[in-house]
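Working notes, structure below.
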2 protein chains.
Amino acid sequence: MKIDFDGIQAFVVIAELGGFSKAAEHLHVTQTALTRRLQKLEAYLGLRLLDRTTRYVELTVVGREFLPQAQTIVGDVTRAVSRLKDVSSRSRGNFTLACIPTMASQMLPKAMRRYAETHPGNRIRIIDASGFEVRDAVLHGQAELGIGLPTESHVELEEALLLEEPYMFFCREEHPLSRKKQIVWSDLHEAELIGISTMSANRIFLDYQLAKRGIKLSGTYEVRHLSTAIGLVAAGVGVAILPNSTLEEGARPGLCRIPLTSPTIKRKIVILRKRNSTLSPAASAFFDLVLDQAGSS
Amino acid sequence: MKIDFDGIQAFVVIAELGGFSKAAEHLHVTQTALTRRLQKLEAYLGLRLLDRTTRYVELTVVGREFLPQAQTIVGDVTRAVSRLKDVSSRSRGNFTLACIPTMASQMLPKAMRRYAETHPGNRIRIIDASGFEVRDAVLHGQAELGIGLPTESHVELEEALLLEEPYMFFCREEHPLSRKKQIVWSDLHEAELIGISTMSANRIFLDYQLAKRGIKLSGTYEVRHLSTAIGLVAAGVGVAILPNSTLEEGARPGLCRIPLTSPTIKRKIVILRKRNSTLSPAASAFFDLVLDQAGSS
DNA sequence: AGAATTGATTCTATACTCGCATAAGTGGCG
DNA sequence: CGCCACTTATGCGAGTATAGAATCAATTCT
């Protein structure tokens, strides 16, 4: 049983326009083809749908009954198909992106602006979550893409480097170290250090990097979000070691940002996608755009 | 733009069954064919609908979005098509029949009983109306078939003879003529004749037939329906000349039915259909059945 | 490591659909 | 009554597409 969509479409158009020739012109095929399509459909069904002489074309009783159904079928199919062609050719559609908060307020806005220019109308749903949650969201399909920290090369994840940023020392202008051009790790007094929760991917990474070099750090205070840490520093509670992009340049006048060296430790920001899964064109375009932006900066 | 229903169906079945081979079995084609159908559809759309390895087949984001639409499309089409095949192969369906009242209570019941045996579930809508109305109903498509009197060979109508029946003389047993075995037209006393309205096709036909033979008839009373005339005869108002089938044999004990000769005038009952129009299988089956019944009686 | 499963590919034969040219049917007009 | 204009149907040839058989390739399970 081989169902013939062309035949149904032929039937609908012929019935609507009231003639084979007119319908043929409308469908950009010859009248011959339409005659044959309808004949084939009728033969397949075993019924006559159109009574036609060389003068008139009119619906049979069965044809009149079938026409509305045929119309909705043809309508549904052409609508669905043309929508999909739109999705593919112009990358129309929406997608979901998971992103860690710092990047959501730093790098993401610029990318979204550029994306909006090239793909007006496409919406991006953003899940802003911790590094772990970003990874899981991508892994479980809640988000097609993720921006976050590198994973331990998970088999089902594929990651591409977006940027590297050094950890910096943040303090108030009144702080004794604020005048230095650069700071080494041994300069730090643990007592006043505001740390990030040991549950965070950020902290785990930093601890690991420091441990490799024999450095151990344990602050007095512990918060979960980088932005909270910045707030505490600004309030004079202490100092903090945070990724450079935590604070936009010149966003908080009273705060100093000083490079940390010996060693300089950098964290990587990557864009994540599920391996072996095809991105929607909308997400794919965004992926390309972000990679391009990363490569050119 | 050539839309591929097979491809959409392949997509749906593969997605639902989760594998090409299973889907191939279900559709009674080879796995090769399905691979190709899906490839063709994807190429046409310019996107991937299924991410597949040799181990898993799973929907892409776009595929997941398209699946419900595809399912309704496939469902609608197969449902509509199989219904039509049902209509054609088993003459399923309803139709409308126009019929003059006498035949509706005489010949029609038997035909309907036989039809119901061979085509259970098919409904017949019956328009019982005058001879003229029957003709118009068929002509204007309100009814596919009509049972009534012959028309003046209307170009757009085709008629087939069902039966011929003589006009008979009806009177009460007390009537002076009731003992005769047959009656000739000159026996009639016009004064007590119950006529049919001159608007009726029946009356026009009868008048025409009599006029050809130089007989003119004009009753005192005039009614519109044959059944009313019978009622009046039974009530002793007068006598009437009516088609034989107006009264079933033995239906009214007190009434006599006597042949009218010199000449015997018969009216024809025909089944009408529109010329050059295709009947629905349901109506066609009924048409054949009625003709068969007429031929064998 | 090998067997089993499953989707992809290659090759070939068949079937299909189309378009051209033309026939055939139908209503209108002189 | 027959010719003309218009519309659908058909014969035929060709190019394309589609299906199936056999085989390959990748992956998992034992």
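So that the names make sense, note that chain A is the first sequence line, chain B the second, and so on, each numbered from 1. Quick caveat, the model's predicted, so the values are computed rather than measured.
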Open item on the list: Regarding B:Asp4 and B:Lys40, does a basic nitrogen lie under 4.0 Å from an acidic carboxylate oxygen?
Closed with: yes

Open item on the list: So, does A:Thr35 get its side chain near the phosphate of D:dA9, meaning an N or O under 4.0 Å from OP1 or OP2?
Closed with: yes

- [ ] Check every atom of C:dC11, D:dT10, C:dT6 against the side chain of B:Ser21 and return the nucleotide holding the closest atom.
- [x] C:dT6

Task: Between A:Thr60 and A:Asp51, a side-chain donor and acceptor under 3.5 Å - done: no

- [ ] Give the rounded distance in Å between these two atoms: CG of A:Leu38 and C1' of C:dT17.
- [x] 15 Å

TODO: Give, for atom CD of A:Gln209 and atom CD1 of A:Ile204, the distance between the pair rounded to the nearest 0.5 Å.
DONE: 13.0 Å

- [ ] Record whether the side chain of A:Arg37 comes under 3.5 Å of the base of C:dG19 through a donor-acceptor pair of N or O atoms.
- [x] no

Open item on the list: Starting the side chain at C-beta, find the nucleotide from D:dA19, C:dG19, D:dA22 nearest to A:Ala33.
Closed with: C:dG19

Task: Closest nucleotide among C:dA8, C:dA21, D:dA19 to the B:Phe20 side chain - done: C:dA8

- [ ] Nearest whole angstrom, please: distance from the C1' of D:dT8 to the NZ of A:Lys40.
- [x] 20 Å

TODO: Among the candidates D:dC6, D:dT18, C:dT5, find the nucleotide nearest to the side-chain atoms of B:Arg55.
DONE: C:dT5

Open item on the list: So if I take every side-chain heavy atom of A:Thr32 and compare against C:dA21, C:dT9, D:dA26, which nucleotide ends up nearest?
Closed with: C:dA21

Open item on the list: Taking atom types as they are modelled, would you say the side chain of B:Arg36 forms a donor-acceptor pair with the base of D:dG20 within the 3.5 Å cutoff?
Closed with: yes

Open item on the list: Would you say B:Gln39 places a side-chain N or O within less than 4.0 Å of OP1 or OP2 belonging to C:dG7?
Closed with: no

Open item on the list: I want to verify a distance call: between C:dG19, C:dT26, D:dT18, whose nearest atom is closest to the A:Thr53 side chain?
Closed with: C:dT26

Open item on the list: Check this for me: does the side-chain of A:Thr30 come within 3.5 Å of the base of C:dG19 through a donor and an acceptor?
Closed with: no

Open item on the list: I'd like to know if B:Glu156 pairs up with B:Arg273 as an ion pair, taking the criterion as any Lys NZ or Arg NE/NH1/NH2 lying under 4.0 Å from an Asp or Glu carboxylate oxygen.
Closed with: no

- [ ] Return the value, rounded to whole Å, for the distance between atom CG of B:Leu34 and atom C1' of C:dG7.
- [x] 11 Å

Task: Between D:dT8 (P) and A:Asp51 (CG): distance, integer Å - done: 14 Å

Open item on the list: Please report the distance, rounded to the nearest Å, between CZ in A:Phe5 and C1' in D:dA17.
Closed with: 19 Å

Open item on the list: Would you say A:Gln31 and A:Thr35 are linked by a side-chain donor-acceptor pair, where the criterion is simply a distance under 3.5 Å?
Closed with: yes

Task: Atom pair distance, as rounded to whole Å: CD in A:Gln31 and C1' in C:dC18 - done: 12 Å

Open item on the list: Nearest whole Å is fine: how far is C:dG25 P from A:Arg52 CZ?
Closed with: 15 Å

Task: Value in whole Å for how far the P atom of D:dG15 lies from NZ of B:Lys2 - done: 19 Å

